[in-house]
Amino acid sequence: MIYAELKDIKIYKGINKNLDKAIDFIVEKKYLNANFGKNIVEENTIYFDYPEKVITRENIGLELEYHKKYIDIHIVLEGEEAIAYTPFEDCIETQSYDTKKDIAFMTGKTQAELILNTKNFLILFSKEPHLPLLKVSKIKEIKKLVFKIEM
């Protein structure tokens, strides 16, 4: 997991070639004129989702998610959200991994809550359980992107 300021994202190049391409795309701010929905950056190895309406929520009865095939990069364009994190070994899987959707669900006690706003980003790697779209102070609509980068 990498949680840092968006202005510094380029220092994280060198981990993965597809991640490098996504970072270049982000540094060049090519995502700013995106259409709502799925936006392809490079075939299906790099894309990002830009949902039209996203509303934060309370962390009551929600489950963490994790991925195996894709790295996530979460970027908030407007507003703020919290993302909960729990180490994989401290979770219990509640829904088996779906290879087509690249997702599984788990329960576990939150061990960190990271606040995302327009100035920072969060990169999540394989098997890093997280719970996005949590309210910071109150439930509200935000604008955000989630990049998916094949590992």
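Bear in mind the structure is a predicted one, so any value in this text is a computation, not a measurement. Computed from heavy atoms alone, side chains included, the values below leave out hydrogens, waters and symmetry copies. We count residues from 1, following the sequence as given.
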Exercise. So, is the end of the Lys148 side chain (NZ or CZ) under 6.0 Å from the ring centre of Tyr47 and within 45° of the ring's axis?
Worked result: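 Checked: cation-pi criterion not met.
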For this session: Find out whether the Lys NZ or Arg CZ of Lys30 is both under 6.0 angstrom from the six-membered ring centre of Phe25 and within 45° of the ring's axis.
Result: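 Lys30 over Phe25 ring: no.
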Exercise. Which atom pair, heavy atoms only, marks the closest approach of Asp102 to Lys68?
Worked result: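 Looking at all heavy atoms of both residues, the closest pair is OD1-N, 2.8 Å.
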Exercise. Taking all atoms of both residues into account, what is the closest heavy-atom pair of Val146 and His74, and its distance?
Worked result: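 In this case the closest contact between Val146 and His74 is CG2-ND1, 3.7 Å.
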Problem set entry | Contacts of Ser126 that satisfy side chain to side chain donor-acceptor pair (under 3.5 Å) - sequence neighbours left out |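 Here no residue qualifies.
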Heavy-atom count check: over 12 atoms from other residues, nucleotides or ligands less than 6.0 Å from [X] [atom1]?
X	atom1	value
Ile92	CD1	no
Asn33	CG	no
Glu52	CD	no

Close side-chain approach of [X] and [Y], heavy atoms under 4.5 Å:
X	Y	value
Ile149	Ile73	yes
Ile75	Phe48	no
Leu124	Ile2	no
Thr56	Ile142	yes
Asn59	Leu131	yes

Exercise. So, does Arg57 use its side chain to make a donor-acceptor pair with the main chain of Pro132 at under 3.5 Å?
Worked result: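 Confirmed, Arg57 side chain pairs with Pro132 backbone.
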Exercise. Can we say Lys140 and Glu80 salt-bridge, meaning some charged N sits less than 4.0 Å from an Asp/Glu carboxylate O?
Worked result: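 Salt bridge: yes.
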Problem set entry | Whether Tyr50 and Phe36 hold their rings parallel, tilted or perpendicular, with breakpoints at 30° and 60° |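 Aromatic pair Tyr50/Phe36 classed tilted.
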Exercise: do [X] and [Y] side chains pair donor with acceptor under 3.5 Å:
X	Y	answer
Glu65	His67	yes
Thr94	Glu63	yes
Asp20	Tyr12	no

Exercise. Does anything in residues 40-51 pair up under salt bridge (Lys or Arg N to Asp or Glu O under 4.0 Å), and if so which pairs, sequence neighbours excluded?
Worked result: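 Applying salt bridge (Lys or Arg N to Asp or Glu O under 4.0 Å) to every pair that reaches into residues 40-51, excluding sequence neighbours, yields Lys21-Glu42.
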For this session: Go through Lys13 and Asp24 one step at a time and tell me if the salt bridge (Lys or Arg N to Asp or Glu O under 4.0 Å) criterion holds.
Result: CA-CA 9 Å; Lys13 289 179 68 173; Asp24 287 339; 2.7 Å; yes
